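Below: the structure, in structure tokens.
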Amino acid sequence: MPVVTIEQVASHAGKEITLRGWLYNQRQSGKLLFPQFRDGTGVIQGVVSRKESPQVFETLAGLTQESSVEVTGVVRADERAPGGHELQVTGVTVIQKIPEETPYPIQLKEHGVDFLLENRHLWIRTPRQAAILRVRDQAIFAAREFMHQQGYVLTDSPIFTPSSCEGTTNLFEVDYIDERKAYLTQSGQLYVEATAAALGKVYCFGPAFRAERSKTRRHLTEFWMLEPEAAFARIDDMMLLAEGLITHMIQSTLERCPRELATLKRDTAKLAAVRPPFPRISYDEAIELLHRHGNPTSWGDDFGGDEETILSSEYDRPVIVHRYPTAIKAFYMQPDPERPELALGFDILAPEGYGEIVGGGERISNYELLMERLRQNELPEEPFRWYLDLRRFGSVPHAGFGLGVERTIAWITGAEHIREVIPFPRTIYRLYP
RNA sequence: UGGGGCGUGGUCCAAUCGGUAGGACACCGCACUGUUAAUGCGGAUGGUGGAGGUUCGAGUCCUCCCGCCCCAGCCA
């Protein structure tokens with residue numbers, strides 16, 4: 001008896017097969033039983049007649065939701081079944097029955113956020129959550145595929161770091177060996193600047209940690225970033241790369257996850273519109289645009305949620321905002337030679353209110369200027385010695401960016417909250433499960 | 001870190017002015033040969049986040065604590 005997955009059943013129509021999985025739900029109608037099985041690849045409805053298979057009927061009828069089973073049956077195309085195919089069950093082996101006294105806690109009805117997050121380890125079994133995690137897998141796969149195609153080498157950055165990367169946000173401090181302190185990285189960028197000088201075009205992909213007390217739907221304390229860095233690259237090269245990366249993530253998800261996006265009821269027309277070129281506007285132009293919309297932000301201010309919403313709602317695809325005032329950007333940003341008060345940096349704002357998904361730009365390659373910026377930002381010199389070395393030994397212009405994986409996936413899936421798009425979200429007040 | 005809000009059976013909610021804490025779902029049983037979060041009837045279980053206060057009487061009012069959510073800030 002071939003063991004197949006539910007996503008493969010269509011190609012076994014008319015044949016007897018075996019499925020391994022869980023009892024997702026069950027309905028009874030007189031002498032007919034409609035168990036629904038899931039195995040991680042999908043859900044299929046079974047049908048059992050009491051008259052024809054009394055033993056199988058009794059076994060399944062006594063089973064509780066999410067009990068684990070191995071079922072055998074004949075695959076039949078049937079329009080009445082969700083998914084178009086159903087399983088005429090001929091045999092069932094119970095692997096574990098959940099006792100009636102302690103039923104499975106997640107119902108197919110509505111639940112509150114707190115309860116679901118407290119039961120995240122079980123919540124991920126529901127079709128919507130499983131679909132999100134599959135889209136996450138596809139989007140990440142596509143991102144790495146694209147980077148590889150573009151000739152970028154994966155050189156991951158360390159998680160333990162001796163100090164802050166940007167010095168602005170709060171870091172998680174951990175005990176290291178022998179009473180030393182280490183910090184969880186908030187960005188791998190500084191390290192890919194080093195590997196870029198070694199390998200040319202590189203990127204890192206990994207978690208980043210921020211001890212900020214951010215409590216919005218766009219923030220996690222632990223999240224994933226993809227950070228490319230390339231020697232000799234300029235700001236325009238990076239805008240082009242980011243545009244290509246985002247487009248590839250979107251288009252290949254559309255192509256390879258149509259079922260998941262349908263489960264999520266995502267409006268795919270909005271995603272299909274995401275093609276290069278993305279609109280590019282300067283910070284100056286963005287300020288003008290805001291003023292035309294009656295927003296009072298004055299030149300020199302950074303943009304908040306309201307401003308991002310106004311800017312991104314002008315376009316049907318992500319918008320790139322470039323050349324922000326140096327004062328509101330990180331210490332390592334290269335000033336624009338034509339207007340030193342501006343930094344050669346850019347952000348990409350996702351449509352539909354998903355906010356900033358990319359931030360990047362050119363880095364300072366001059367030793368003296370970088371030293372000056374470290375002092376201005378009151379950062380210690382010692383932990384950055386190696387970083388300064390990069391400006392002493394064959395310094396070249398270079399640029400890169402960071403892409404927030406969860407924000408991007410929240411946008412692709414249409415998730416209300418970023419915490420739904422990572423298997424086990426970590427937020428300021430939640431460390432369980 | 002500021003501002004706002006919410007904690008009631010396992011879950012989702014209701015409870016008028018301070019006056020007997022209730023329903024639905026889940027679970028169990030019965031009925032139903034095409035159900036789609038099935039439906040109908042019946043059953044058992046079980047709760048006001050915690051401490052104190054006001055009151056004849058507190059889910060409801062007051063104080064403190066705990067937990068969580070939303071918005072802003074910071075950022076990806």
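Order of the sequence lines fixes the chain letters, A, B, ..., with proteins taken first and strands second; residue numbering starts at 1 for each chain. None of the values given here were measured: they were computed from a predicted structure.
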message: Both A/V113 and A/P82 contact RNA chain B. Taking the nearest nucleotide for each, which residue is further toward the 5' end?
response: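 Looking at RNA chain B, the more 5' nearest nucleotide goes with A/P82.
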message: Need to verify one output field. Residue with the more 5' nearest nucleotide on RNA chain B, A/S29 or A/K329?
response: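 Between the two, 5'-proximity favours A/S29.
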Could you check which of [options] has an atom nearest any side-chain atom of [X]?
| X | options | value |
| --- | --- | --- |
| A/R218 | B/G34, B/C12, B/C75 | B/C75 |
| A/F115 | B/C69, B/U11, B/C70 | B/U11 |
| A/P103 | B/C70, B/U11, B/A26 | B/A26 |
| A/E100 | B/C27, B/C69, B/A26 | B/C27 |
| A/R80 | B/A76, B/C27, B/U36 | B/U36 |
| A/R217 | B/C28, B/C68, B/C71 | B/C71 |
| A/Q107 | B/U11, B/A37, B/G34 | B/U11 |
| A/Q45 | B/U35, B/U33, B/C69 | B/U35 |

Answer with base, sugar-phosphate or nothing: what part of the nucleic acid does [X] contact at a heavy-atom distance below 4.0 Å?
| X | answer |
| --- | --- |
| A/N25 | sugar-phosphate |
| A/R76 | base |
| A/L220 | base |
| A/E416 | nothing |
| A/V405 | nothing |
| A/T408 | nothing |
| A/D302 | sugar-phosphate |
| A/G355 | nothing |

If I pick the [atom1] atom on [M] and the same atom on [N], what distance separates them, to the nearest angstrom?
| N | M | atom1 | answer |
| --- | --- | --- | --- |
| B/C32 | B/C41 | C1' | 12 Å |
| B/C64 | B/C27 | C1' | 39 Å |
| B/G50 | B/A44 | C1' | 30 Å |
| B/A24 | B/C68 | P | 32 Å |
| B/U16 | B/G52 | C1' | 28 Å |
| B/G19 | B/G59 | P | 10 Å |
| B/U20 | B/A58 | P | 12 Å |
| B/G7 | B/U48 | P | 15 Å |

OP1 or OP2 of [N] under 4.0 Å from side-chain N/O of [X]:
| X | N | value |
| --- | --- | --- |
| A/H417 | B/C69 | no |
| A/R213 | B/C71 | no |
| A/R430 | B/G67 | no |

message: Assess the residue pair A/H398 and A/E193 against the criterion (side-chain hydrogen bond (donor to acceptor under 3.5 Å, both in side chains)); give the C-alpha distance rounded to whole Å, side-chain angles, the decisive distance to 0.1 Å, and a yes or no.
response: CA-CA 8 Å; A/H398 60 290; A/E193 287 188 52; 2.6 Å; yes
Both distances below 3.5 Å, Watson-Crick or wobble geometry, any strand: find the nucleotide opposite [N].
| N | answer |
| --- | --- |
| B/U63 | B/A51 |
| B/C68 | B/G5 |
| B/A15 | none |
| B/G10 | B/C25 |
| B/A31 | B/U39 |
| B/G57 | none |

message: Is it the case that the side chains of A/R76 and A/Q88 hold a donor-acceptor pair, with the cut-off being a distance below 3.5 Å and no angle test?
response: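 Yes, A/R76 and A/Q88 have a side-chain donor paired with an acceptor closer than 3.5 Å.
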- prompt: Would A/E212 and A/H219 count as having a side-chain donor-acceptor pair, cut-off 3.5 Å?
  reply: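 There is no such pair (donor and acceptor under 3.5 Å, judged by atom type) between the side chains of A/E212 and A/H219.
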field: Sub-6.0 Å ring centroid separation between A/F384 and A/F331
entry: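 For A/F384 and A/F331, the ring centres are under 6.0 Å apart.
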- prompt: Are A/W123 and A/F115 an aromatic pair by the rule of ring centers under 6.0 Å?
  reply: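 No, ring centres 6.0 Å or more apart.
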What's the [atom1]-[atom2] distance between [X] and [N], to the nearest Å?
| X | N | atom1 | atom2 | result |
| --- | --- | --- | --- | --- |
| A/E79 | B/U35 | CD | C1' | 16 Å |
| A/L108 | B/C27 | CG | P | 10 Å |
| A/I428 | B/A76 | CD1 | C1' | 17 Å |
| A/I246 | B/A76 | CD1 | P | 14 Å |

Return yes if the base of [N] and the side-chain atoms of [X] contain a donor-acceptor N/O pair under 3.5 Å, otherwise no.
| X | N | result |
| --- | --- | --- |
| A/K215 | B/G2 | yes |
| A/E212 | B/U1 | no |
| A/Q28 | B/G34 | no |
| A/H219 | B/C75 | yes |
| A/S214 | B/C74 | yes |

- request: Would you check if A/F223 stacks with the base of B/A76, given a 5.5 Å centroid limit and a 30° plane limit, both strict?
  value: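 A stacking contact exists, since A/F223 sits close and nearly parallel to the base ring of B/A76.
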- prompt: Do side-chain atoms of A/T64 reach the backbone of A/E100 as a donor and acceptor pair under 3.5 angstrom?
  reply: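 Such a contact is absent between A/T64 side chain and A/E100 backbone.
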- prompt: After noting the C-alpha distance and the side-chain angles of A/E16 and A/T90, does the key distance pass the side-chain hydrogen bond (donor to acceptor under 3.5 Å, both in side chains) rule?
  reply: CA-CA 9 Å; A/E16 189 168 36; A/T90 54; 2.8 Å; yes
message: Checking A/Q129 against A/E420 for the side-chain hydrogen bond (donor to acceptor under 3.5 Å, both in side chains) test, could you report, in this order, the C-alpha distance in whole Å, the side-chain angles of both residues, the deciding distance, and whether it holds?
response: CA-CA 7 Å; A/Q129 296 304 313; A/E420 278 190 74; 2.7 Å; yes
Among A/Y203, A/F160, A/W386, A/Y387, the one residue meeting ring pair (Phe, Tyr, Trp, His ring centres under 6.0 Å) with A/Y191: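 Checked A/Y203, A/F160, A/W386, A/Y387 against A/Y191; only one passes ring pair (Phe, Tyr, Trp, His ring centres under 6.0 Å): A/W386.
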